[in-house]
Amino acid sequence: MLIHVSHLYKKYLVGTTETIALADVSFDVARGEFVAIMGPSGSGKSTLMHMIGALDTPTSGTYILDGEDVSKLTDDELADIRNRKIGFVFQAFNLLPRRSTMKNVMLPMMYAGIPKAEREERAKKYLTLVGLGDRLEHTTNQLSGGQQQRVAIARGLAMNPAILLADEPTGNLASSQANEIMDIFKDLNKQGHTIVMITHEPDIAANAKRIITIKDGQLINDKKNKG
Ligand SMILES: Nc1ncnc2c1ncn2[C@@H]1O[C@H](COP(=O)(O)OP(=O)(O)O)[C@@H](O)[C@H]1O
Ligand SMILES: [Mg+2]
């Protein structure tokens, strides 16, 4: 299993108010799946995304990511596994606006110490894969929202992650551009990429091959979908 989540709890304490954001959540994701995690606002989606993305650790329970136990890691160890295993795609694309698409995709690879020639080759390859082969020199503020999100996807893929983890990836997009992004996710999944996508929109979740629904921090449904 690529993702093994078992009896996961996350409690937040603010002053004297305790919130149980995740309560006894268990599921597995195999390599090659395309899973949507769906639920209304406040249901615990972002909290679960932070756990899966090794941005935070659970209060109790177990999380094994690609054979490594993430539940009890230090901050430095979390950062390391995050860089090796997870390609993030966020609602707000998190790009550098005045830099080229190539630069944006190459930057995380530079921090990871990947040699320049290899960085350029991979950036070109993944930008072309998401349909931006003719936008290599454009700065990201010269692109549409959908194109910007495609740059973010190329940036995530270029690090060769085990999982592409997307948090409301179409939240800032008009529906035609949202559909473009979903088509890219479906293509990537066909090519073998594992995708976990967080969304509150049933229409967007419907693109995945499996839909996990959470409500009030609990997993209430886990079903196959035609995608
Ligand atoms: N850092 C935090 N500190 C305290 N409470 C939090 C924090 N993050 C989320 N919560 C609470 O946990 C619950 C789940 O939030 P969240 O995971 O953001 O849900 P969603 O992403 O589905 O809207 C909410 O009640 C929220 O108020
Ligand atoms: Mg959220």
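Remember, it's 1-based here, ligands and their atoms both numbered in the order they're listed.
- Residues I153 and L157 form a side-chain contact, since some pair of their non-hydrogen atoms from C-beta on lies under 4.5 Å apart.
- Applying the 4.0 Å criterion to heavy atoms of S46 picks out, from ligand 1, the atoms 17 (O), 18 (O), 20 (P), 21 (O).
- Closest to atom 17 (O) of ligand 1 among all protein heavy atoms lies T47 OG1, 2.6 Å.
- At a threshold of 2.8 Å, the Mg ion (ligand 2) has a backbone or side-chain N, O or S atom of S46 nearer than that distance.
- Looking at heavy atoms from C-beta onward, Q148 lies out of side-chain contact with N172 at the 4.5 angstrom threshold.
- Among all heavy-atom pairs drawn from I184 and V130, the shortest one is CD1-O, 3.8 Å.
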* Stepwise salt bridge (Lys or Arg N to Asp or Glu O under 4.0 Å) check, D167 with K45 -> CA-CA 9 Å; D167 190 16; K45 298 184 300 296; over 6 Å; no
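- A heavy-atom separation below 4.0 Å is found between S43 and ligand 1.
- Distances between N or O atoms of K45 and those of ligand 1 include at least one value under 3.5 Å.
- Only side-chain heavy atoms of V14 come within less than 4.0 Å of ligand 1; its backbone N, CA, C and O stay farther off.
- Around the NZ atom of K124, the shell of radius 6.0 Å holds no more than 12 heavy atoms that belong to other residues, nucleotides or ligands.
- Looking from atom 12 (O) of ligand 1 to the surrounding protein, the closest heavy atom is A21 CB, 3.5 Å.
- Applying side-chain hydrogen bond (donor to acceptor under 3.5 Å, both in side chains) to K10 and the options T47, T57, D56 leaves one that passes, D56.
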* Asked: Can you list the steps and then say if D66 with R84 is a salt bridge (Lys or Arg N to Asp or Glu O under 4.0 Å)?
  -> CA-CA 11 Å; D66 204 8; R84 284 186 289 114; over 6 Å; no
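- Within the listing of ligand 1, atoms 22 (O) sit less than 4.0 angstrom from a heavy atom of P40.
- When only interatomic distances are considered, the shortest N/O to N/O separation between G44 and ligand 1 falls below 3.5 Å.
- The protein heavy atom nearest to atom 4 (C) of ligand 1 is Y12 CB, 3.3 Å.
- For the pair G217 and ligand 1, no heavy-atom separation below 4.0 Å is found.
- Neither side chain, D76 nor T74, offers a donor N or O lying under 3.5 Å from an acceptor on the other.
- Ligand-side atoms of ligand 1 in range of S41: 23 (O), range being under 4.0 angstrom from any heavy atom.
- T19 CG2, 3.7 Å is the protein heavy atom nearest to atom 25 (O) of ligand 1.
- Side-chain contact between L96 and K103 is absent, with no heavy atoms from C-beta onward closer than 4.5 Å.
- The presence of a protein heavy atom under 4.0 Å from atom 27 (O) of ligand 1 is ruled out.
- In this structure a side-chain-to-backbone donor-acceptor pair under 3.5 Å is missing from E168 to M197.
- For atom 23 (O) of ligand 1, the nearest protein heavy atom (residue, atom name, distance) is G42 N, 2.7 Å.
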